[in-house]
Amino acid sequence: MAATPPSRRRPGAAPVATLAGLVVVLALAALAFGPATPGELRDQGPAEAVTPPPVPRPLWPQLPTSPPPATPAAGATQEPPQPVPDLTVPGRDITAVDVRTVLAKDPMVGPEERQALGTCADCEVRAPEFRDVTGDGQPELISVVVTPGRVVLHVYTLVGDRLLPVLQVPVQPAFSAATIGPDLWLYEPTSAYVQTSSHYQWDGARLALKERRDEGVGVLPPTGPPTGPATGPDTGRAATATPEASPGPVRRTPLAPQPAAPGAAVPSPRGARPSTAPSAPAVLPEAKR
């Protein structure tokens with residue numbers, strides 16, 4: 001038999017097969033590692049450690065804090081404010097009211113405060129400020145009565161031609177006050193290092209206490225007596241300790257009170273008023289003894 005000649009390869013056959021195999025491998029790699037389709041789960045590796053946010057850690061938790069504002073018992077109702085008797089406001093202009101006349105006719109003003117309406121040398125009836133604290137666009141009358149025993153802030157609103165007492169609250173002699181929008185804030189130094197802030201808001205009938213909180217206003221004193229004078233490094237003299245500067249309460253520039261013309265004052269009925277917030281806070285002057 002004749003010998004079978006060895007098969008001959010066509011030129012270029014091996015590169016074509018290699019290229020086809022490479023295409024298959026790339027296609028498989030694209031399927032395995034290509035971009036994820038919508039909804040497909042992919043392994044992105046180990047998750048990064050998450051640091052939890054800091055939480056409050058109170059210092060001196062045993063110290064007492066101000067109690068929350070007292071609220072009426074369930075089902076209890078407060079009587080609406082009654083107009084100051086025997087008093088009307090001519091022209092319904094609250095800025096023309098004589099504040100001493102208002103206080104003298106208000107039955108809620110106690111005998112201690114009435115000393116300030118007489119010849120008490122250490123008493124004062126503060127000139128009224130007029131601010132909208134009910135949100136109806138009309139001002140209310142705000143005044144303070146200072147006596148040797150107590151200081152009381154009074155707020156009256158005009159309803160028709162009658163005046164309604166909507167707030168009467170005792171305050172510390174060194175208190176300050178501000179209106180922020182239609183809300184009234186009182187700031188009282190309840191200790192050398194603590195200021196108490198009280199937030200009053202119109203509830204449709206009166207200015208009601210909404211919030212009260214204590215805030216630190218200085219550096220706490222040392223907890224124990226010094227062990228002895230410190231010696232300076234170079235002079236050998238006793239070194240004088242310089243107290244750390246402590247931030248005090250923000251000082252507010254009082255607005256000049258509007259002059260109040262003497263005359264009788266009185267209110268007239270109106271309904272609950274919507275609350276609107278003015279853009280800039282207005283500040284009442286600090287109390288002076």
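What's counted below: heavy atoms across the whole structure, side chains too, no hydrogens, waters or symmetry copies. Keep in mind that what you see is a predicted model, and the values were worked out from it rather than measured.
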Over all atoms of both residues, closest heavy-atom pair of [X] and [Y]:
X	Y	value
Arg150	Thr147	O-OG1, 2.7 Å
Val171	Glu188	CA-OE1, 3.3 Å
Pro189	Ala174	CD-O, 3.7 Å
Cys123	Pro148	SG-CD, 3.6 Å
Val133	Thr179	CG1-CG2, 3.8 Å
Ala205	Val166	O-CG1, 3.9 Å

Find the distance between [atom1] ([X]) and [atom2] ([Y]) and round it off to the nearest 0.5 Å.
X	Y	atom1	atom2	answer
Ile180	Gln201	CD1	CD	11.5 Å
Gln138	Arg131	CD	CZ	15.5 Å
Leu167	Leu184	CG	CG	6.5 Å
Thr157	Ile94	OG1	CD1	6.0 Å
Thr101	Leu117	OG1	CG	9.0 Å
Glu129	Leu153	CD	CG	11.0 Å

Between the main-chain N or O of [Y] and the side-chain N or O of [X], is there a donor-acceptor pair closer than 3.5 Å?
X	Y	value
Asp132	Pro139	no
Asp183	Trp185	no
Ser191	Val194	yes
Arg100	Ala116	yes

Practice item. Report yes if some heavy atom in the side chain of Val152 is under 4.5 Å from a heavy atom in the side chain of Gln168; otherwise report no. Key: yes

Review point. With a 4.5 Å limit on heavy-atom distance, are the side chains of Val145 and Val109 in contact?
Key: no

Review point. Tyr156 pairs by side chain to side chain contact (heavy atoms under 4.5 Å, CB included) with which of Val99, Leu103, Ile142?
Key: Leu103

Check your understanding: Which pairs with one or both residues in residues 109-121 pass side-chain hydrogen bond (donor to acceptor under 3.5 Å, both in side chains), sequence neighbours excluded?
Key ->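 Residue pairs with at least one partner in residues 109-121: Glu113-His154.
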
Review point. Under 4.5 Å between side-chain heavy atoms, hopping through other hydrophobics if needed: is there a path connecting Val155 to Val146?
Key: yes

Practice item. Report whether Val151 and Tyr200 are members of the same hydrophobic cluster (ILVMFWY, side-chain heavy atoms less than 4.5 Å apart, transitive linking). Key: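 Val151 and Tyr200: one cluster.
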
Side chains of [X] and [Y]: do they bring a donor and an acceptor to under 3.5 Å?
X	Y	result
Arg212	Ser198	yes
Thr190	Gln195	no
Glu140	Thr134	yes

